[in-house]
Number of protein chains: 2
Amino acid sequence: MTARTPSETARDIPEATVARLPVYLRALTSLSEAGTSTCSSEALAASAGVNSAMLRKDLSYLGSYGTRGVGYDVDYLRYQIAREIGVTQDWPVVIVGIGNLGHALANYSGFRSRGFRTVALLDADPARTGETVAGIDVRPFDDLEGIVAEHGVAIGVIATPAPAAQAVADRMVAAGISSILNFAASVLTVPAGVDVRKVDLSIELQILAYHEQRKAQDQQQEETA
Amino acid sequence: MTARTPSETARDIPEATVARLPVYLRALTSLSEAGTSTCSSEALAASAGVNSAMLRKDLSYLGSYGTRGVGYDVDYLRYQIAREIGVTQDWPVVIVGIGNLGHALANYSGFRSRGFRTVALLDADPARTGETVAGIDVRPFDDLEGIVAEHGVAIGVIATPAPAAQAVADRMVAAGISSILNFAASVLTVPAGVDVRKVDLSIELQILAYHEQRKAQDQQQEETA
DNA sequence: GCCGGTTTGTTCTCTCGTTCACAAACTCCT
DNA sequence: AGGAGTTTGTGAACGAGAGAACAAACCGGC
């Protein structure tokens with residue numbers, strides 16, 4: 001890691017805060033569309049489902065964009081957060097693995113509207129290439145390097161079966177991708193400097209199952225008490 | 001919250017540990033299928049992508065299932081974790097909203113194989129009901145209460161557009177569902193005792209974008225240095 | 001039976017994240 | 001202009017999570 005010079009606005013935003021900024025961004029977009037021009041931290045926090053003190057502290061990492069006694073200007077704050085996250089410009093994205101999930105991702109409108117543009121759909125299965133999904137042609141996986149170079153792609157999405165995920169990740173990293181969103185049920189190992197985020201449907205369900213089971217146990221015990 | 005009697009194995013497993021147990025479970029299943037009968041905490045931790053000390057501490061919350069100087073019996077530990085999570089029996093699940101994502105979820109094989117059974121697909125759009133997805137008929141949303149009562153469903157999945165999500169959650173809770181997995185881009189408010197987990201694709205991408213932007217800034221600064 | 005090597009379970013410490021509480025600062029009304 | 005009422009920004013307390021380090025316990029050989 002390179003040391004940061006003091007001249008740079010040394011934004012050492014905590015990871016937990018970074019994860020909440022998109023939630024605030026969405027809440028602000030909602031408010032803006034509803035015609036609200038100003039809002040308090042209390043109102044915004046409620047809309048985002050968090051504590052208002054936490055919201056204020058989170059926002060304070062970005063700067064002082066509110067006015068005491070008044071609140072925040074919705075559109076101004078919205079822009080500041082978008083700029084901080086980096087979604088004021090469009091990010092080109094590649095999706096690899098056009099199965100059921102890949103289809104859903106390609107058709108997901110939330111990407112386009114929120115600063116992301118799907119520039120290519122790739123699949124290793126020749127039977128799938130040539131197909132058109134969401135207006136984009138599915139191309140062979142071997143086109144990866146060319147597409148990444150051509151569009152300057154930095155973010156890749158893996159929606160392949162688990163056994164293929166690591167190999168896809170390796171090729172992505174070699175091609176120059178440095179951020180990966182992984183939907184495959186597999187632990188990826190990548191070199192330092194590459195970010196991986198995992199979304200795992202069955203893990204989420206298992207966490208719910210654990211809590212559900214505990215609730216059932218508690219209730220059972222209550223009855224015998 | 002009701003006080004817990006000391007007689008119960010007072011499992012106060014930290015949330016962070018609960019979130020990792022499914023990962024360990026998957027790693028153990030892999031090892032078991034590969035024919036490994038015993039493994040050390042070091043090996044299992046590597047397989048799950050975590051620190052070995054953390055793994056041991058996590059497992060210690062469940063009990064003392066290893067043998068010092070030897071390691072863990074793969075199948076035995078696997079069963080213990082599965083039992084703790086509650087995936088030794090099948091959980092009936094309802095999916096609401098059979099759009100692109102709902103299709104993908106219905107077809108996702110990871111549910112069936114990991115202790116979950118999709119008992120119904122529901123959609124409010126009459127044009128979709130009657131369709132068959134993954135061998136299951138899509139039924140009208142109004143059938144929710146009957147299905148929940150009939151199968152004893154405790155877990156519901158919301159894959160609707162964001163504006164419909166809160167109304168669906170309210171109906172689910174009223175029908176008796178107490179755990180919700182929410183894929184809609186919307187903050188749900190539910191009564192105490194109901195668990196909600198959110199999976200939001202665009203938030204994940206935005207978090208990656210933030211880090212990606214920071215990497216770019218760092219590099220730029222390095223060049224001018 | 002005992003000793004060396006190995007691996008778990010646990011304690012301690014440090015860091016990170018969250019919440020509370022309050023001073024600073026702004027608006028509006030008189 | 002001044003005071004009452006709000007609301008932000010932040011310092012401090014508090015709690016949870018992660019990693020290091022070590023004692024307890026087990027196996028195998030002699």
Side-chain angles (χ1 to χ4, degrees), chain A residues 1 9-24 27-28 31 36-78 80-81 84 187 192 207 210-211, chain B residues 1 9-24 27-28 31 36-78 80-81 84 207 210-211:
Chain A
M1 303 297 149
T9 339
R11 318 180 186 287
D12 205 11
I13 303 186
E15 192 53 38
T17 297
V18 171
R20 280 188 294 266
L21 289 180
V23 181
Y24 303 153
L28 286 166
L31 288 173
T36 316
S37 65
T38 292
C39 75
S40 69
S41 67
E42 200 71 45
L44 184 54
S47 178
V50 301
N51 185 303
S52 71
M54 189 159 78
L55 170 79
R56 289 199 300 276
K57 178 159 281 193
D58 283 343
L59 294 184
S60 75
Y61 289 114
L62 314 189
S64 240
Y65 295 133
T67 21
R68 304 178 185 216
V70 179
Y72 300 92
D73 181 292
V74 171
D75 287 325
Y76 180 59
L77 182 58
R78 202 184 90 79
Q80 292 299 339
I81 294 181
E84 187 69 40
V187 176
I207 294 171
Y210 168 79
H211 291 297
Chain B
M1 300 302 148
T9 339
R11 318 180 186 286
D12 205 11
I13 302 186
E15 193 53 37
T17 296
V18 172
R20 281 188 294 266
L21 289 180
V23 180
Y24 304 152
L28 286 166
L31 288 173
T36 316
S37 65
T38 292
C39 75
S40 69
S41 67
E42 200 72 44
L44 183 55
S47 178
V50 300
N51 186 301
S52 71
M54 191 161 76
L55 171 79
R56 288 199 298 278
K57 188 186 284 193
D58 283 344
L59 294 184
S60 76
Y61 289 113
L62 314 190
S64 242
Y65 295 134
T67 25
R68 305 179 184 212
V70 180
Y72 299 93
D73 182 291
V74 171
D75 287 325
Y76 180 59
L77 182 59
R78 202 183 90 79
Q80 292 300 338
I81 293 181
E84 188 68 40
I207 294 171
Y210 169 79
H211 291 298

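Heavy-atom basis, side chains included; hydrogens, waters and symmetry copies ignored.
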request  = For residues B:Tyr76 and B:Asp73, report the shortest heavy-atom separation together with the two atoms involved.
outcome  = N-OD1, 3.0 Å
remark   = Terminal axes of the helix from C:dG1-D:dC30 to C:dT30-D:dA1 (5 end pairs apiece), angle rounded to 10 degrees, sit apart by 10°
key: Separation of D:dT10 P from A:Asp58 CG (nearest whole Å)   = 13 Å
request  = Looking only at non-hydrogen atoms, find the nearest pair between B:Val74 and B:Leu28 and report the distance.
outcome  = CG1-O, 3.5 Å
message = Determine whether B:Val50 and B:Tyr24 satisfy the following criterion, side chain to side chain contact (heavy atoms under 4.5 Å, CB included), listing intermediate values before the conclusion.
response = CA-CA 10 Å; B:Val50 300; B:Tyr24 304 152; 3.9 Å; yes
message = Can you give me the closest heavy-atom contact between B:Ser41 and B:Ser52, atom names plus distance?
response = O-CB, 4.0 Å
Rounded distance (Å) that lies between atom C1' of C:dT8 and atom OH of B:Tyr65 = 15 Å
message = On a heavy-atom basis, which atom in B:Leu31 and which in B:Cys39 lie closest, and how many Å separate them?
response = CD1-SG, 4.0 Å
note = Comparing nearest nucleotides in DNA chain C, the 5'-proximal residue of the pair A:Thr17, B:Gly71 is B:Gly71
inquiry  = Test side chain to side chain contact (heavy atoms under 4.5 Å, CB included) on A:Ile13 and B:Tyr210; report intermediate values, then the result.
reply    = CA-CA 10 Å; A:Ile13 303 186; B:Tyr210 169 79; 3.6 Å; yes
task = Grab the OH-P distance between B:Tyr72 and C:dT6 for me, whole Å please.
result = 18 Å
inquiry  = Expressed as a whole number of angstroms, how long is the span from A:Glu15:CD to D:dG17:P?
reply    = 17 Å
task = Whole angstrom is fine here: how far is it from CG in A:Asp73 over to P in C:dC26?
result = 16 Å
query = If every non-hydrogen atom of A:Ala45 is compared with every non-hydrogen atom of A:Leu55, which pair is closest and at what distance?
reply = N-CD2, 3.8 Å
key: Stretch residues 40-48 of chain B: residues that reach within less than 4.0 Å of DNA chain D through a heavy atom   = none
ask   = Tell me: CE of A:Met54 to P of C:dA21, nearest whole Å?
value = 17 Å
task = Quick one: pull up CG in A:Leu21 and CG in A:Asp58 and give me the separation to the nearest 0.5 Å.
result = 6.5 Å
note = Correct closest heavy-atom pair for A:His211 and B:Val18 would be NE2-CG1, 4.5 Å
note = Atom CG of B:Leu55 and atom C1' of D:dG17 are separated, to the nearest Å, by 15 Å
ask   = How does protein contact run along nucleotides 20-30 of chain D, one letter per nucleotide 5' to 3', with B for base contact, S for sugar-phosphate only, - for none, heavy atoms under 4.0 Å?
value = BB--BBBS---
For atom OH of A:Tyr61 and atom P of D:dG11, their distance in whole Å = 11 Å
query = Does the side chain of B:Arg78 reach to within under 4.5 Å of the side chain of B:Tyr72, using non-hydrogen atoms?
reply = no
